[in-house]
Amino acid sequence: STPPFFMTSRSKKILPSYGKKANLFKPLIQNIEVLTALINSEPDKAEWLEKRAIAYLHQEKFSEALVDISKVVQKEPTNQSALSNMGVALLKTNNHAHAREIFEFLLELNPNSYEANLNLTTVYQCLGMPNEQIRSAMKAVELNPSSATAFNNLADRKSTRLNSSH
């Protein structure tokens with residue numbers, strides 16, 4: 001099975017996210033020019049594109065990240081890191097259906113991917129799919145029991161479901 005490749009006009013919509021985490025990546029962010037020079041000198045090397053895409057993600061430049069990460073995935077269709085970053089960028093640009101395709105493809109490659117299950121929890125919530133959201137959250141908690149994020153996603157969903165049934 002091959003991953004879906006796409007770029008849409010909706011990719012231009014930017015949503016807030018990374019906040020304080022961006023401070024952890026200042027060296028990478030400051031080196032976008034260096035990464036661009038490396039890409040220009042070695043255009044076939046996907047590693048530089050992926051690093052620049054990550055830098056763009058942390059700058060909340062999701063459209064730029066999608067351009068670079070799409071090229072990486074075209075070159076390396078089963079690169080799980082690139083696919084995960086693509087899914088995150090799609091999620092941040094409100095491309096929930098496409099993000100779902102990516103994360104579900106990641107689960108085909110690695111059914112025990114904590115990150116894919118956790119991200120699918122958010123995707124399913126955005127798509128209004130509560131049963132799938134609970135299933136993904138439960139799998140994420142199973143894979144990483146110490147994850148507060150996965151546990152909170154599961155607790156929130158179950159609480160919402162209980163309240164709506166009364």
ask   = Looking at side-chain heavy atoms only, is the closest gap between Glu50 and Asn85 below 4.5 Å?
value = yes
inquiry  = Distance check, rounded to the nearest 0.5 Å: Glu115 atom CD versus Gln80 atom CD?
reply    = 9.5 Å
ask   = Can you name the side chain to side chain donor-acceptor pair (under 3.5 Å) partners of Asp68, sequence neighbours left out?
value = Arg52
ask   = Has the side chain of Asn144 got a donor or acceptor atom that lies under 3.5 Å from a matching backbone atom of Ala140?
value = no
message = I'd like to know whether Ile32 forms a side-chain contact (heavy atoms from CB on, under 4.5 Å) with Gln59, so could you lay out the CA-CA distance, the side-chain angles of the two residues, the decisive distance to 0.1 Å, and finally the verdict.
response = CA-CA 11 Å; Ile32 285 182; Gln59 284 187 337; 3.4 Å; yes
message = I need the minimum non-hydrogen distance between Val123 and Ala99, along with the two atoms involved.
response = CG2-CB, 4.0 Å
remark   = In short, Lys75 meets Asp44 closest at the heavy-atom pair NZ-CA, 3.3 Å
task = Look up atom CG in Asn117 and atom CG in Asn112, then write down how far apart they are to the nearest 0.5 Å.
result = 8.0 Å
note = When every non-hydrogen atom of Tyr124 is compared with those of Arg135, the smallest separation belongs to OH-NH2, 4.1 Å
message = Checking side chain to side chain contact (heavy atoms under 4.5 Å, CB included) between Ser84 and each of Ile69, Leu106, Asn110, which is the one that passes?
response = Leu106
task = Kindly write out the residues that satisfy side chain to side chain donor-acceptor pair (under 3.5 Å) with Glu76, not counting sequence neighbours, or none if the list is empty.
result = Asn79
key: Heavy-atom closest pair, residues Ala116 and Leu107   = CB-CD2, 3.7 Å
key: Partners meeting side chain to side chain donor-acceptor pair (under 3.5 Å) with Glu42 (sequence neighbours left out)   = Trp48
request  = Can you sort out the partners of Ala89 under side-chain contact (heavy atoms from CB on, under 4.5 Å), two or more places apart, ordered by chain and number?
outcome  = Leu57, Leu66
Spatial distance of atom OG1 (Thr122) from atom CG (Leu127) [nearest 0.5 Å] = 11.0 Å
inquiry  = On a heavy-atom basis, which atom in Val88 and which in Phe103 lie closest, and how many Å separate them?
reply    = N-CZ, 3.5 Å
message = List the residues meeting salt bridge (Lys or Arg N to Asp or Glu O under 4.0 Å) with Lys139, not counting sequence neighbours, and say none if there are none.
response = Glu142
message = Between Gln125 and Thr121, is there a side-chain heavy-atom distance shorter than 4.5 Å?
response = no
request  = For the pair Ser136 (side chain) and Gln133 (backbone), establish whether a donor and an acceptor sit closer than 3.5 Å, ignoring hydrogens and angles.
outcome  = no
query = Out of curiosity, Lys71 NZ to Ile39 CD1, how far, rounded to the nearest 0.5 Å?
reply = 7.5 Å
task = Grab the two heavy atoms, one from Ala53 and one from Ala65, that are nearest each other, plus how far apart they are.
result = O-CB, 3.5 Å
request  = Would you check if Ile102 and Val73 make a side-chain contact, meaning some heavy-atom pair closer than 4.5 Å?
outcome  = no
All salt bridge (Lys or Arg N to Asp or Glu O under 4.0 Å) counterparts of Glu104, not counting sequence neighbours = Arg100
